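Working notes for the structure below.
Only this structure's heavy atoms are used, side chains among them; waters, hydrogens and symmetry mates stay out. Note that this is a predicted model, so its numbers are computed, not measured.
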Amino acid sequence: GSDSGGGDGENVSLELLVPIYGDKTKPYWEQLVEDFEAENSNIDVKLETQSWDDIYTVMTTKIQNNKAPDILELDAAGPAYASDDLLYKAEEIVSPETYDDIEPAFIDSAKIDGQAYGVPTVASTRALFYNKTLFQQAGISEPPKTWDELLEAAKKISALGGGVYGYGMPLGSEEAQAETSIWAYGAGASWEQDGKMTIDTPEAREALTFMKKMIDEGATQPNPGATDRTPLLDVFIQGKIGMIEGLPPIVGQINEKNPDLDWEIAPSPTKDGEPVTLGVADYFVGFDKDEDKQESIAKFLDFFYQQENYVKFNDNEGFIPATKSGAEAAAAKPELKIFLESLPDAKFYPATNPAWGQTSGAFKSDVGQIETKSVDEVIKSIQAKADAEG
Amino acid sequence: MSELASEPSTRGEVATKGAVLDPPTTIAGTGRATAPRKRDRRRWGLTIVGGIVALVFLAPYLIMLSGAFKSRQEILKVPPEYLPTDWKFDNFVTMWGTPETPLPHNLLSTVVISLCGTVLALLAALPAAYYTARHNFRLKLPFMLLVLVTQMLQPTVLASGLFREFVSLEINDTWLAMILVNAAFNLSFAVWIMHSFFATVPKEIEEAAWLDGCSRGQSMRQIMLPLVWPGIVTAIIFTFIACWNEFAASLILLPTDTNQPLTVALTRFIGQYESAWQYVFAVSIIGILPVVALFAMIEKHLVSGLTAGGVK
Amino acid sequence: MATARNKALRRQARKQSTLQALPWLAPALVLIVGVVIFPAGYMIYTSFRDLSRFGKDRGWAGLDNYVRVFGLDPLSTVLTNTVVWTVGVVLATVLVSLVLAQFLNKRFPGRKVLRMVIIVPWAASVVMTSTVFVYGLDPFYGIINRLLVDVGLIDEPYGFLKNATSGFLSAMAVAVFVSVPFTTFVVLSGLQTIPHDVLEAAAIDGAGKVQTYWRVVFPMLRPALAVAAIINIINVFNSLPILKTMTGSIPGNDADTTTTFMFKLIQNDRQIDTASALSVVNFAVIIVVIGVYLKVVKPMREVSA
Amino acid sequence: MATVTFDGASRYYAGTERPAVDQLDLEVEDGEFLVLVGPSGCGKSTTLRMLAGLEGVDEGAIRIGEREVTDLPPKDRDIAMVFQNYALYPHMTVADNIGFHLKIKKMPKAERAERVLEAAKLLDLEPYLDRKPAKLSGGQRQRVAMGRAIVRRPQVFCMDEPLSNLDAKLRVQTRTQIASLQRRLGVTTIYVTHDQIEAMTMGDRVAVLKDGLLQQCDTPMGLFGKPKNLFVAGFIGSPAMNLIAATVEGDGAVIGGQAIPLTPAQRSALTSKNVVVGIRPEGWTLKPAGEGVSATIEVVEELGSEQFLYCSTSAPQLATDETADTDTAPPSITVRAPGMSAFQRGDKVGLVPESGAVHLFDAETGDRLPD
Amino acid sequence: MATVTFDGASRYYAGTERPAVDQLDLEVEDGEFLVLVGPSGCGKSTTLRMLAGLEGVDEGAIRIGEREVTDLPPKDRDIAMVFQNYALYPHMTVADNIGFHLKIKKMPKAERAERVLEAAKLLDLEPYLDRKPAKLSGGQRQRVAMGRAIVRRPQVFCMDEPLSNLDAKLRVQTRTQIASLQRRLGVTTIYVTHDQIEAMTMGDRVAVLKDGLLQQCDTPMGLFGKPKNLFVAGFIGSPAMNLIAATVEGDGAVIGGQAIPLTPAQRSALTSKNVVVGIRPEGWTLKPAGEGVSATIEVVEELGSEQFLYCSTSAPQLATDETADTDTAPPSITVRAPGMSAFQRGDKVGLVPESGAVHLFDAETGDRLPD
Ligand SMILES: Nc1ncnc2c1ncn2[C@@H]1O[C@H](COP(=O)(O)OP(=O)(O)OP(=O)(O)O)[C@@H](O)[C@H]1O
Ligand SMILES: Nc1ncnc2c1ncn2[C@@H]1O[C@H](COP(=O)(O)OP(=O)(O)OP(=O)(O)O)[C@@H](O)[C@H]1O
Ligand SMILES: [Mg+2]
Ligand SMILES: [Mg+2]
């Protein structure tokens with residue numbers, strides 16, 4: 001290892017670990033690394049890509065063996081590594097110019113004790129995708145704004161029969177926490193208070209109760225408890241679901257897989273129409289392994305955030321950019337309009353709370369049980385898991 | 001079919017080479033024109049049953065095959081179609097050039113790791129299986145159990161420790177690491193399978209070889225191996241397939257994409273919000289074919305009443 | 001006096017042969033010790049450490065992790081599931097394989113092709129096979145579901161993998177499906193080693209097909225079958241991919257075995273250290289299972305000995 | 001119980017040109033003890049296996065009693081068989097091996113144990129009842145194979161050299177017991193043996209096979225006293241009959257200067273001038289040198305109870321196929337002398353055929369000349 | 001080539017109480033042909049297997065020539081063995097089976113083929129050289145096993161009943177060939193057989209084993225003429241020696257009213273009043289009824305060349321272990337008569353022991369009394 005690190009002439013090797021969003025992810029990074037290395041001959045970037053399924057397993061092993069990568073892109077779990085004192089601060093891994101370009105809202109969402117550790121790469125919010133054809137058939141003219149309207153519309157669509165369902169509610173283990181959060185935030189709930197996880201709140205109970213009502217009254221697809229998001233989105237794309245909460249990349253998928261679908265996006269319905277929705281961002285974090293690679297890391301990330309590279313990344317994956325300059329570019333795209341508009345009302349996961357990981361896991365494994373068990377029982381078990389010592 | 005064609009020439013052989021439970025009865029070779037025909041009809045009946053069995057075992061892979069030819073639009077169609085309306089034969093071509101993963105490398109990786117892993121496992125297992133089948137010694141049972149115990153551990157659970165070990169040995173992210181892991185993980189089954197086969201060879205046959213001047217190695221090569229060949233073939237297939245499909249350890253131990261085997265490469269087709277199922281299926285089919293080909297090559301060795309006539 | 005002499009001699013002879021055995025066992029031992037013992041030890045070590053949610057080692061934990069394992073609510077459900085899963089799958093596998101091997105051992109046109117077909121589920125990775133089943137059983141775009149509706153077995157697509165019971169049963173069926181080829185081939189090659197003259201003797205002794213099978217063929221198959229069963233028990237017990245892909249999205253632990261439960265502890269609950277302890281417990285359980293099996297079946301007792 | 005009839009039965013093994021058993025016609029009476037003999041590889045085992053249903057019958061038919069069994073599976077034929085290679089069940093103890101048939105027939109356990117014990121006692125196997133075959137000596141294994149047959153009460157016994165690995169004493173004892181058991185049960189028995197004494201003492205009739213072809217089937221004495229052809233003459237009796245080539249001169253056949261008279265019937269049956277004179281080792285009277293055929297003793301084989309003298313003479317034996325290749329001296333004449341006689345190598349003696357001990361054969365066809 | 005020495009060699013099989021071979025002391029001369037006989041299960045095969053290195057020697061030592069081989073692996077002992085159960089290589093043709101040793105020794109192919117052909121000719125195996133063992137008859141398999149040994153030029157031949165499955169004719173022929181081969185090569189040979197004739201004619205010496213214990217090792221004539229104890233007396237000779245219990249009265253032992261004189265040395269060697277008189281079947285002179293021991297012929301066994309008469313007398317034979325259980329009449333006395341004699345069942349005759357044909361044994365210890 002070198003002491004001075006990063007300086008010109010000194011050879012530095014950077015390990016970069018990124019998850020795969022879709023089929024354009026890997027080529028993008030390969031190109032980027034190549035371009036970067038062409039400019040910085042002394043820095044060797046070793047790219048490792050993993051599927052979202054496996055990246056957590058791989059990371060756990062790496063951390064356990066003190067072999068963390070230098071740069072990691074991950075969801076909000078990334079900045080959370082700071083709670084084990086593993087990370088550089090956010091402003092240490094990018095230049096001040098880059099740092100300033102980033103939407104403060106996103107930075108804030110990943111702060112621990114007021115300190116940011118991750119630099120947001122992409123962001124997204126949720127919105128209601130709906131099938132206009134089915135709406136017409138069911139005689140619904142307006143997308144629902146409140147839960148009651150949603151329930152009513154969904155029931156009407158379900159009543160069409162023929163394998164068509166009103167509302168797609170994915171509570172399977174893939175991303176149950178997202179669906180739950182949309183509903184709970186819509187009732188004004190918040191998952192964290194004073195550093196503690198607050199799951200068992202009246203608001204959340206209300207949300208879960210209404211979700212159960214949706215299920216019980218046949219407004220959703222069958223077996224929502226065991227339905228994962230990705231396959232359900234595909235069903236929506238195939239025109240068999242009236243409404244579903246979706247996020248920006250779905251737009252591209254619909255265009256690709258079923259361009260004939262007549263669809264539209266509306267803001268997520270809430271309990272009484274208050275605009276609020278779930279916001280999510282992914283982050284870059286840099287691991288501090290006492291190796292003085294900080295400068296090289298910063299070089300690389302700055303390169304990534306160069307307008308041209310960064311916009312291409314977001315275009316590829318179909319997300320909302322997290323930088324101010326990026327957002328300006330994105331505003332030109334009509335399909336992102338609703339998402340961009342809902343950004344100010346977006347509420348994020350309390351992802352930097354060390355207990356969020358297990359809480360989110362508890363949602364994944366338990367919340368689907370509202371289909372069969374009482375809301376009380378389910379919510380208590382999630383709260384218990386959230387409270388467990390890490 | 002070719003089997004059937006060669007049938008008439010094998011006169012009375014049917015009786016000795018027949019199935020184990022086929023009554024070693026009056027299977028006439030010549031003369032009686034009626035008997036063979038009756039038998040033929042029965043055997044065609046078996047073929048029909050066989051066809052049904054084959055269909056059951058192939059069903060999921062037919063789905064896979066049909067999926068591999070479907071287009072991106074069609075693969076998740078609701079309701080589904082059995083066959084693609086638009087046959088995308090080029091899925092099998094384009095996937096090699098897909099940006100997600102360097103498939104030729106991955107295929108090579110899988111082949112090298114599986115072949116070497118199988119050879120290594122077999123080389124280590126053979127002497128142990130042989131010795132334990134032939135000799136009684138005090139630590140025999142403990143040894144056999146130790147071998148077995150190693151197999152009871154979850155690869156997923158061991159991966160972390162392996163990672164640590166190989167990093168310190170500086171062979172992390174090399175084929176060698178995975179060859180060692182595969183060999184070790186499959187060793188015990190190879191030992192146990194071959195052990196049970198070695199035990200069926202009458203010991204006098206081997207003793208005769210020693211008296212004929214064979215060293216242990218020679219008698220192993222010239223006498224024992226040919227006689228336990230069905231068992232070895234079983235062990236080879238087992239080990240090879242296990243190596244071929246290994247995932248958990250490769251995922252952790254081989255971060256570099258060009259080193260990775262197909263199984264890990266496949267996960268690259270699984271994105272966050274959508275998966276390229278047509279490629280996943282196509283690659284899976286490509287993954288199955290070499291194994292089936294290997295099997296076709298050595299299948300005939302599975303069948304052979306080899307030890308008949310050796311001792312009385 | 002003779003017996004005393006006898007004993008002393010025999011003891012000496014035995015000691016010798018254990019030493020003699022070493023060169024034969026050495027390659028296997030080296031591999032095992034080199035590649036398996038270290039990580040296994042590391043697993044046990046981890047189970048006594050306190051790990052953060054992210055994998056960072058925070059020091060000695062004593063028996064805390066084990067205490068936590070035994071305090072886990074779903075543990076009893078999960079253990080029951082594990083027993084049902086292992087016993088059910090292995091038994092069904094062995095039974096199906098015995099029949100299938102017998103069938104494949106007959107001569108009929110196309111046998112070779114059938115043998116090749118049957119190897120396919122074995123050749124395919126388990127993950128892929130279960131993925132295809134997940135895909136095929138989906139109530140919306142699943143081809144199997146459509147087929148079942150088309151042939152009139154069910155009225156409308158059924159969410160086989162959408163509730164714990166049917167999901168678990170479906171997963172068991174798939175587990176049997178993927179274990180059968182291997183078991184069949186072990187039995188099949190075992191069948192080849194049965195001397196034909198013994199079968200003739202049985203025929204002469206008046207044994208019919210069934211009696212010959214159960215009294216002569218089956219006992220002589222025992223070594224091969226016992227090995228196949230051991231391998232299946234271990235593989236099935238430790239099998240993660242099938243349940244993970246097929247019932248992974250079902251909430252709760254009603255369809256979990258200790259193995260998938262352990263996986264969920266890591267993946268969802270981020271309790272790496274508890275999971276390590278659970279895997280040690282898991283290991284102990286399978287050792288006990290195999291121990292019982294060995295005691296009952298005695299596969300090491302050779303046919304002729 | 002039942003007669004056994006082979007009706008032109010043939011068996012071709014795959015990959016061989018000649019049948020192993022060739023159009024065999026043979027009728028075994030109910031309760032008869034038929035001994036099957038013949039050179040190694042002549043088709044004895046094949047014959048038994050065809051009867052038992054273990055080999056297909058490629059041609060002809062086999063009947064047991066009135067029933068045609070040609071296509072019947074072995075288990076329905078009710079035949080007990082001692083296999084030449086034992087074919088023991090390696091996974092069963094001796095007791096289970098012996099009792100297997102009874103178990104199959106669902107005989108109550110106690111009765112079964114009794115029958116097994118009885119058979120084991122008969123065969124000196126009692127101490128080994130709990131062992132597996134792998135831990136037995138060769139002779140013990142053979143006795144287990146035997147035991148497996150004799151616990152049964154079948155329609156037919158097939159025994160393929162069941163005593164070949166037993167010591168003389170045990171063999172005599174077992175032979176006697178088999179004979180008495182067979183007589184007691186009256187089970188039709190076909191018995192293959194290479195032991196001349198067994199063949200001569202046990203069988204009601206003896207059938208001689210050669211190259212799959214039946215040569216002669218007669219009572220032991222018939223066979224011994226009137227062998228139908230050269231092959232049977234040379235095959236039955238140990239040491240074998242001396243077969244000496246002779247030419248017909250006048251009324252007699254001349255060997256070593258001695259004329260042996262031929263009857264007119266014999267003369268007319270001749271197809272050429274060449275005959276073969278057969279005289280068994282015990283058919284000679286030993287005289288001092290000068291009388292009879294003059295001979296020099298080459299080898300003295302002392303068996304204690306008797307001696308065999310191998311003598312070179314001017315009338316050497318017919319060279320048989322087997323010895324034709326070896327370039328040794330022409331085969332000598334075997335003469336039996338009382339045990340512990342004082343003959344020595346090199347002694348010169350005279351050999352005179354005893355009256356009635358002379359067999360005559362046509363040298364061309366090999367057939368016996370009429371008496 | 002080499003002497004073979006067993007020096008107190010014992011072998012215990014796991015799970016048995018008694019040793020299969022018990023402190024065997026035996027020295028086989030260089031080039032000697034030693035025949036090993038004994039009842040089934042007495043340890044003959046075990047002895048050979050120990051010598052070959054296939055069974056461990058639990059006690060004592062074995063030497064070949066000067067070299068101690070007790071712990072030497074089989075391949076380094078240079079021993080050719082014919083296994084009792086053949087142990088053919090099932091996957092090789094007959095030719096390959098026979099030539100395997102030569103191949104291992106890297107003999108050139110042409111020479112190998114020649115040697116194999118030579119052995120095959122000797123054993124009449126030529127037509128079968130390309131077959132696998134599974135397609136051979138029992139006797140043919142045994143000959144292959146034999147062939148595998150005789151192509152070699154080893155230090156020691158071990159043959160475990162190598163001819164038991166051959167027909168009489170082939171057996172005599174092969175026996176002669178083995179003997180001449182052995183003499184020609186001068187290879188020390190240990191030969192197990194159950195055939196009395198083989199034992200008496202082939203061996204330079206014969207060793208008798210019983211329950212793992214060596215009983216006597218002597219020349220065939222020594223064994224036959226002076227059996228050391230009751231066991232050897234009863235075991236050697238077929239049919240067996242008649243052993244008749246007698247009590248000493250005055251100077252002689254009395255059987256059936258006939259007194260047999262004892263020498264003073266014999267009398268003083270006696271441990272009790274009970275002796276056993278042994279007389280072989282051919283040791284009797286048949287007299288008209290009235291003379292000697294009066295006897296009634298019960299069974300006539302006609303072998304053609306000789307007859308055996310089983311006679312009931314007032315001096316029945318010693319009941320041996322084997323027959324003790326069966327509640328039949330006491331064992332009769334066997335007498336040999338010339339073949340085709342006119343004796344009939346029921347005839348009454350007188351039996352007179354020939355002089356010099358009487359063997360005397362102490363009834364308690366079983367040992368032979370001094371002559
Ligand atoms: N593997 C074994 N385990 C235990 N006992 C054995 C084993 N092999 C042989 N024996 C016993 O040892 C004794 C001697 O056996 P051995 O094979 O030497 O007899 P043998 O003299 O060759 O008899 P045979 O003439 O019947 O072949 C027998 O009583 C036999 O039962
Ligand atoms: N499975 C087989 N395939 C081909 N030929 C065979 C087969 N079995 C036996 N033979 C041949 O058939 C002939 C008759 O064999 P069989 O076993 O009936 O002889 P055998 O009279 O019993 O001889 P032995 O006295 O040697 O046992 C032999 O020449 C043998 O080589
Ligand atoms: Mg035979
Ligand atoms: Mg023996």
Side-chain angles (χ1 to χ4, degrees), chain B residues 4 19-21 24 43 46-47 50 54 57-58 60-61 63-64 76-80 124-125 127-128 131 135 137-139 143 150-154 157-158 161-162 165 180-181 183-184 187 189 192-193 196 199-200 230-231 234 241 245 263 284 288 291-292 295-296 299 302-305 308, chain C residues 14 17-18 21 24-25 27-28 31-32 35-36 38-40 42-43 105-110 114-125 128-129 132-133 136 140-141 143 146 185-186 188-189 191-194 196 199-200 203 209 213 217 223-224 227 231 234 238 240 279 283 286 302:
Chain B
L4 182 72
V20 163
L21 263 196
R43 289 156 74 232
L46 292 179
T47 305
F57 276 89
L58 273 188
Y61 308 97
I63 295 177
M64 195 185 252
L76 290 173
K77 206 162 167 246
V78 184
Y131 197 86
H135 299 263
F137 51 98
R138 202 188 326 201
L139 295 181
F143 171 77
T150 60
Q151 201 58 46
M152 301 178 195
L153 295 155
Q154 264 287 325
V157 177
L158 293 186
L162 282 171
E165 183 180 2
L180 289 175
V181 167
L187 183 75
F189 292 166
W192 274 76
I193 291 174
S196 75
T200 62
T234 311
I241 291 180
N245 289 329
T263 44
S284 298
I288 293 171
V291 183
V292 175
F295 179 77
E299 181 262 359
L302 273 174
V303 196
S304 44
Chain C
R14 252 212 240 131
S17 67
T18 296
W24 296 85
L25 311 184
L31 260 186
I32 289 173
V35 181
V36 184
F38 178 86
Y42 185 67
M43 168 190 90
N105 200 36
K106 289 189 184 305
R107 289 169 68 91
F108 57 86
L114 180 57
R115 286 189 179 187
M116 252 143 66
V117 163
I118 288 195
I119 205 173
V120 169
W122 184 12
S125 88
M128 275 324 302
T129 305
V132 173
F133 274 106
F140 290 102
Y141 48 75
I143 291 180
R146 163 149 184 218
F185 278 95
V186 173
L188 191 58
S189 42
L191 281 175
Q192 307 306 320
T193 67
I194 295 178
H196 209 260
L199 300 172
E200 293 181 351
K209 277 196 178 194
Y213 189 80
V217 175
V227 171
I231 294 177
I234 296 177
N238 274 338
L240 177 62
S279 59
F283 181 49
I286 179 73
E302 267 87 50

side-chain contact (heavy atoms from CB on, under 4.5 Å) evaluation trace for B:Leu187 with B:Thr150: CA-CA 9 Å; B:Leu187 183 75; B:Thr150 60; over 6 Å; no

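The candidate with the highest count of non-hydrogen atom pairs below 4.5 Å against chain C, out of B:Ser284, B:Pro80, B:Ala296, B:Ala184, is B:Pro80. Of the listed residues (C:Pro121, C:Ala224, C:Ser125), the greatest number of heavy-atom pairs within a distance under 4.5 Å of chain B belongs to C:Pro121. For the options C:Val35, C:Ile143, C:Ile231, heavy-atom pairs under 4.5 Å to chain B are most numerous at C:Ile231. With chain B as the partner, the residue from C:Leu240, C:Ile286, C:Ile119, C:Ile32 showing the most heavy-atom pairs under 4.5 Å is C:Ile119. The candidate from C:Gly136, C:Pro27, C:Ala124 with the greatest count of non-hydrogen atom pairs under 4.5 Å with chain B is C:Ala124.
With a 4.5 angstrom heavy-atom cutoff, C:Tyr42 touches chain B only via side-chain atoms. Both the backbone and the side chain of C:Leu31 come within less than 4.5 Å of a heavy atom of chain B. Within the 4.5 angstrom heavy-atom criterion, only side-chain atoms of B:Phe143, from C-beta onward, approach chain C. Proximity to chain B (any heavy atom under 4.5 Å) is shown, for C:Phe140, by both the backbone and the side chain. Contact of B:Leu180 with chain C is made through backbone and side chain together, with heavy-atom distances under 4.5 Å.
Nearest approach of C:Arg115 to C:Phe185, heavy atoms of both residues: O-CZ, 3.5 Å. C:Val227 and B:Ser196 make their closest contact through CG2-CB, 4.0 Å (heavy atoms, listed as atom of the first residue, atom of the second, distance). Across B:Leu153 and C:Met43, no two heavy atoms sit closer than the pair CD2-CE, 3.7 Å.
Applying the side-chain hydrogen bond (donor to acceptor under 3.5 Å, both in side chains) test to B:Gln151 and every residue at least two apart in sequence or in another chain returns B:Ser188. Considering only residues two or more places apart in sequence or on other chains, C:Thr129 meets the side-chain hydrogen bond (donor to acceptor under 3.5 Å, both in side chains) condition with B:Tyr61.
Using a 30° and 60° split on the angle between ring planes, B:Phe137 and B:Tyr131 fall in the tilted class, from 30° to 60°.
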